[in-house]
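For the numbers below, each heavy atom of this structure counts, side chains included, while hydrogens, waters and symmetry mates do not.
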Amino acid sequence: MPKAAPATAAPARAKAPALPEEVSGPLDIAIADLDVGARTWSHLTLDQRARLLDRIRASVAAVAEEWADVASTSKGIEPGHPLRGEEWLSGPYATLVALDSYRSTLAALAKGESPLKGVKTDAAPGDRVRAHVFPLTPVDGMLLSGYTGEVWFEPGVTDAEARRGAGLAQLTPTEAGGVGLVLGAGNVTSIPVLDVMYELLAHNRVAILKVNPTQDALVPVYERALAPLIEPGFLRIVRGGGDVGGYLAEHRGIAHVHITGAAPTFDAIVWGPPTGSGAAATARRRREDRPKLKKPITAELGGVSPIIVVPGEWSDADLAFQAEHVATMRLYNSGHNCIAGQVVLLSAEWPQREAFLDALRTALDAAPARPVWYPRSDAKLAAAASDYPAAERCGDGTRMLVEVEAGGDATALETTEYFAPVLGVVALPGNGQEFLDGAVAHANDRLVGTLGANVIIDPLTQAALGDGFEQAMADLRYGTVSINSWTAFGFLTPTLPWGGFPGATLQNVESGIGVVHNGLLLDRIERSVTRGPFRPFPRSAAPRALGASKGRSFSVLPKPPWFVTSRTGAAVSEGFTRFRMDGNYAKLAATLVQAFRA
């Protein structure tokens, strides 16, 4: 772990890129303040850090409504829109549950206990230990009935090693990690905050957060929400474009860089500009493996996420529900998610293939209209239309469904992260285990990125595959594998690590290096696995739904509030967040009534 640089009145500036004095001066001062804050942090006890998290929690709760409102409005989602609940869930809700998780971890460490104390562990395929980290409380089990989350450790890690290593930098709290730069994401509003918290708790690094320009409107909200970190010098928040990010990344006062974004941006930071006058020098550095960036960097990047639909015998209600599930994976946040599902892998031999595609078209058409708001999305949609002129336009015309028959050219679809509402369907041969193994190999070998993979399978088919299904899940080389539960659930669950599959390098960064979230501060982790109900309530209670899976598919949720087709999703998402804020069970009862009207 890097040590903090010696404190100075103004850390030496980076040589490049140059910025005007009126811009660079305040940045230098901010880093100088943080250099002092890094030493202050190293003197706080675990109990003091836990109390600081309590203060942050209170300040986040105080601005939660404004946070959700500003975020929704900035994305063109006006008051009364049925999808405003997305900004409650992916903003203040995600932040509050993460703070609670870190608070519990610090409390355990302060008592000399492992954060994994009381957490069930067992064996996963391939000489792996897994920890069952969700739900850990009755409230989690009630709000997200039927959903579970596991952390799989690297092969060979023992249960004792996993428990002993839990805590990361909080096992050595007096070792200062210096000043880190967090280059904030532009699409999901909790990401910058969660990245700052992980720097602080996993690495003992204070942070300067450069907010993406798409989230400039939220800076006043962030400043009030994170005031308990700003006041003692543990955080500074700055605005700016790529020139400011480049200046900060190369600043001698910065010990580490973390970015949430896209691989081309990562490459530009590490190696230099890919085009223009510096392109030749960039290419030479890559050939010689001499990065332009002379400090460590971690990253959470995107990719092309698969949705593997395992053929089975589904009812009409199953087809409709899972089609809405797939539509949600693509249309949530208008498709501007690094974890948005992009390629559906379907069996060409599934008798219900056409029925499922018809249901999918219906779901894409029926989801509420919304702006395609992220910068350059029009160009991404135009590129997809150029790549696939026969693509269907769904809904208001901004949603594209691309079918690639067996033997067709899916290269563009599988290697371009469109970051827009473009959903592809690729046909693969086989049924049962043959199809599943082929789909896993296809996802691993043909799709760009390793961030998350989705698998949809009915409980009877899963039971019939038995150990073969679990081995296939182990073979998927993705940082989060979600079974009947979109990978965004993994993002929202604070006890699960979030990041690309291990093994990425500066030369081939794939979906990133390192992880974030990871509320139990676990070490030597390989992936997260989430599982959810194939059928919602009340169909989840039918004997057919349970099958031989021994209840794994049971849920009392009629429809998850994050489904873009949920009629009450906005009210339920807000209600869940307010319950996390105040713990008012009477108000929660009213929210649960709304959930049953979804």
Contact list for residues 589-598, test side chain to side chain donor-acceptor pair (under 3.5 Å), sequence neighbours left out: Gln594-Arg597
Carboxylate-amine/guanidinium contact Glu150 Arg531, below 4.0 Å: yes
Pair Trp562, Glu86: side-chain N/O donor-acceptor within cut-off below 3.5 Å: no
CD-CG distance between Gln342 and Asn454, expressed to the nearest 0.5 angstrom: 12.0 Å
Pairwise side-chain contact, Val326 with Ile456, heavy-atom cut-off 4.5 Å (strictly under): yes
Electrostatic pair Lys587-Glu574, nearest N-O below 4.0 angstrom: no
Between Ser190 and Thr95, a side-chain donor and acceptor under 3.5 Å: no
Validation row: Leu476, Phe501 side chains within 4.5 angstrom (heavy atoms): no
Which donor-acceptor pairs under 3.5 Å do side chains of residues 442-449 form with protein atoms, sequence neighbours excluded?
residue, atom, partner, partner atom, Å
His442, NE2, Glu414, OE2, 2.6
Asn444, OD1, Arg477, N, 2.9
Asn444, ND2, Val440, O, 3.4
Asn444, ND2, Asp475, O, 2.9
Asp445, OD1, Arg477, NH2, 3.4

Phe321/Phe534 aromatic ring centres below 6.0 Å: no
Donor-acceptor under 3.5 Å (Thr568 side chain, Ala571 main chain): no
Main-chain N/O of Ser485 paired with Thr530 side-chain donor or acceptor, under 3.5 Å: yes
Ring centres under 6.0 angstrom apart (His325, Trp486): no
Shortest non-hydrogen separation from Tyr147 to Phe489 and the atoms involved: CB-CZ, 3.5 Å
Pairwise side-chain contact, Thr565 with Lys559, heavy-atom cut-off 4.5 Å (strictly under): yes
Residues in side chain to side chain contact (heavy atoms under 4.5 Å, CB included) contact with Asn431, at least two apart in sequence or another chain: Pro311, Ser347, Glu349
Asp140/Arg580 salt bridge by N-O under 4.0 Å criterion: yes
Heavy-atom donor-acceptor pair, Thr214 side chain to Gly186 backbone, under 3.5 Å: yes
For Ala131, side chain to side chain contact (heavy atoms under 4.5 Å, CB included) partners two or more places apart: Leu116, Val119, Thr121, Val133, Phe153
Side-chain H-bond candidate by donor/acceptor type, Tyr198 with Asn518, under 3.5 Å: yes
Contacts of type ring-ring contact (aromatic ring centres under 6.0 Å, His included), residue Phe266, not counting sequence neighbours: none
Test log, rule side chain to side chain donor-acceptor pair (under 3.5 Å), inputs Ser528 and Trp498: CA-CA 7 Å; Ser528 300; Trp498 181 252; over 6 Å; no
Residues which pass salt bridge (Lys or Arg N to Asp or Glu O under 4.0 Å) with Asp69, listed by chain and number, not counting sequence neighbours: Arg84
Within-4.5 Å side-chain heavy-atom neighbours: Met400 and Leu423: no
Pair Asp387-Tyr418, side chain to side chain donor-acceptor pair (under 3.5 Å): steps then yes or no: CA-CA 11 Å; Asp387 293 333; Tyr418 287 114; 2.8 Å; yes
Residues Asp458 and Arg535 bridged, charged N to O under 4.0 Å: no
Side-chain ion pair, Glu154 and Arg128, N-O less than 4.0 Å: no
Pairing of Glu403 and Arg361 as salt bridge, 4.0 angstrom limit: yes
Donor + acceptor pair across side chains of Asp318, Ser315 (<3.5 Å): yes
For the student: nearest non-hydrogen atoms of Leu492 and Ser90, plus distance: CD2-CA, 4.4 Å
Ion pair check, Arg567 and Glu324, cut-off under 4.0 Å: no
Residue pair Gly312 / Thr461: nearest heavy atoms and the distance that separates them: CA-OG1, 3.7 Å
pair Val425-Leu401: side-chain heavy atoms closer than 4.5 Å: yes
Test item: Val372 and His336 side chains (from C-beta on) under 4.5 Å apart, heavy atoms: yes
